[in-house]
Amino acid sequence: MADPCLDLRAVTMRYGEGPDAVAALASIDLAIDDHEFVTIVGPSGCGKSTLLYLVGGFLRPTSGRIELRGRPVTGPGPDRGIVFQRYSLFPWLTVRGNIAYGLEEKGVPRAERDRIVEEHLRLVHLEGFENRYPRELSGGMQQRVALAQTLACQPDILLMDEPFGALDAQTRRILQDEVRRIWRRDTKTVLFVTHDVEEAVALGTCIVVMSARPGRIKEVIARDFDVADVDEFEANPAFAALRLRIWRSVKQEVEAARP
Amino acid sequence: MSSRARSYWAGALARLLPLALVLAAWQAASMSGLLPKAVLPSFGEVAASLGAMLRSGEIVPHTLASFARAGAGFGVAVAGGIVLGILMAQVRFVERAVEPVLLLIYPVPKPALIPLFMIWLGIGDFSKVTVIALACLVPVVIATFNGARGVDEMLLWSARARGTSERRILWRVVLPAALPQIAAGVRTAIAVAIIVLVSSEFISAETGLGYLIFSYGGVGADDAMLAVVIYLAALGYLLDRLYLAGLRRLMAWHAFAH
Ligand SMILES: Nc1ncnc2c1ncn2[C@@H]1O[C@H](COP(=O)(O)OP(=O)(O)O)[C@@H](O)[C@H]1O
Ligand SMILES: [Mg+2]
């Protein structure tokens, strides 16, 4: 079998030092293959964001190794695109400026840049909004722009930290379908953090359940069935069974986390 | 008239009404003899005096002289304040060195430093401009420092993940993110510049609006003195409005509070 795209070995993370230190992650081992859509689900505070920030290179692990295509991660880089729940966009740039940002930093020539921006505006259905500023857009539209901004950089792997967590249920459902569509189109590797079990099952081809803090990988479950739209999962008994199974697993951890 | 235009005019009227009432009360008090001329000349007299000054043009050279002094001090303070504030936010050593000095100057009423600066730098324009610059520097430095230090970490991460190097992050993220706060500091500096300017022109000046106020006051021409004060207030108000209108245009991306 081919080498994994992303490989975490014995990764631990503590915030701070001494008696006040917070153990956020306890020995994470995780290998993620190319083209997988991996969702990470677990109780609030179990270290999901921390795990993503480590892969992003924003934080350094206390111990352990993180390798992307065999090369150790030493800092942030455009090979890993990230979408946060909020604040991924630069408020002082228009939609166009935000999508073009990474391309400008890379030194992509103007004409090429414009072409890529147009393509990504279409991809996230934001044609006609290119001259708006983020504050003039709804939360859902802002996240579409963030997605386009990230995808325009052509990252190897897409990291998302509860990107739809602040959106209303309808917008969230529509964006879930869009992310699935985008992932199918160019089958990027995706690492998607959520605390919503349904979202984890509907999006993930591979669902990682984390334990209560300090976070460990509790189980990794493959979803071996699929549908065209997230809606169709509703009537699918296999989906309901998997959702229930994962919910029970997460619930156990939520209860364990309670004092 | 559309309802939008009507509400605009209603709003403008509501804002002007209290001012108009005060002026009317002032005029009524003078006319009824309740307010003797020796205490305060009537609004009518002051307005007439202002009208005469504007018509004769005598106020123009003084306005220009004041603008030059305030503008020079303000300009130096904005440029220097932004650089210093950014340096403080980025370099620990600079922060440690500058912060105590800043906290020390912060509460000092800057006009009180004018005599000292005149001894050091002479009684000409240089000492005046220096005091204005020092006074304006404080709000700009503080605003820039707070703005640059308070940049959301996620924005910095976002930029780094999109290929921005540490060298470019100042231009690409820190400065633009701090801009709303810097702009607010500069707005304070405009008001400070006017205050310190007028005080500095009270002493050993032969031109300027502060000089005009002081010399009219000295000869008991209270109506002319008050006319210059009102002119100055109107000028300051206009500058502030212009500045805000400019900001709204240049920083359309930001939601201004007012
Ligand atoms: N910068 C930090 N300093 C100290 N503790 C932190 C910091 N960031 C997160 N933590 C703690 O680490 C744990 C994991 O946080 P996080 O990764 O944000 O969890 P999740 O995303 O799963 O909700 C939490 O207990 C949180 O309080
Ligand atoms: Mg989180």
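Letters go in sequence order (proteins before strands), and every chain restarts at 1. Just so you know, these numbers use all the heavy atoms, side chains as well, and skip hydrogens, waters and symmetry mates.
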key: Minimal non-hydrogen separation, B:Ala159 against A:Tyr101, with atom names   = CB-OH, 3.5 Å
Return yes when atom [atom1] of [X] has more than 12 non-hydrogen atoms of other residues, nucleotides or ligands closer than 6.0 Å, and no otherwise.
X	atom1	value
B:Arg4	CZ	no
B:Phe67	CZ	no
A:His195	NE2	no
A:Arg86	CZ	no
A:Glu112	CD	yes
B:Tyr8	OH	no
B:Tyr106	OH	no

Checking heavy atoms, do the side chain of [X], its backbone, both or neither come under 4.5 Å from chain B?
X	result
A:Thr94	neither
A:Glu136	neither
A:Ala152	neither
A:Leu89	backbone

Which of [options] touches chain B most, by non-hydrogen pairs under 4.5 Å:
options	result
A:Phe58, A:Tyr133, A:Phe90	A:Phe58
A:Gly75, A:Pro78, A:Pro134	A:Pro78
A:Gly102, A:Pro91, A:Pro76	A:Pro91

From CG (B:Leu175) to CH2 (A:Trp92), nearest 0.5 Å = 10.0 Å
query = So, does B:Arg162 use its side chain to make a donor-acceptor pair with the main chain of A:Ile82 at under 3.5 Å?
reply = yes
message = Treating A:Arg135 as the side-chain partner and B:Trp253 as the backbone partner, does any N or O pair qualify as donor plus acceptor under 3.5 Å?
response = yes
inquiry  = Students often mix this up, so state it plainly: with edges at 30° and 60°, are the rings of B:Trp157 and A:Phe84 parallel, tilted or perpendicular?
reply    = tilted
query = Between B:Arg172, B:Met251, B:Met154, which has the largest tally of heavy atom pairs under 4.5 Å with chain A?
reply = B:Arg172
remark   = Checked B:Gly163, B:Pro180, B:Pro176 vs chain A; the most non-hydrogen pairs under 4.5 Å come from B:Pro176
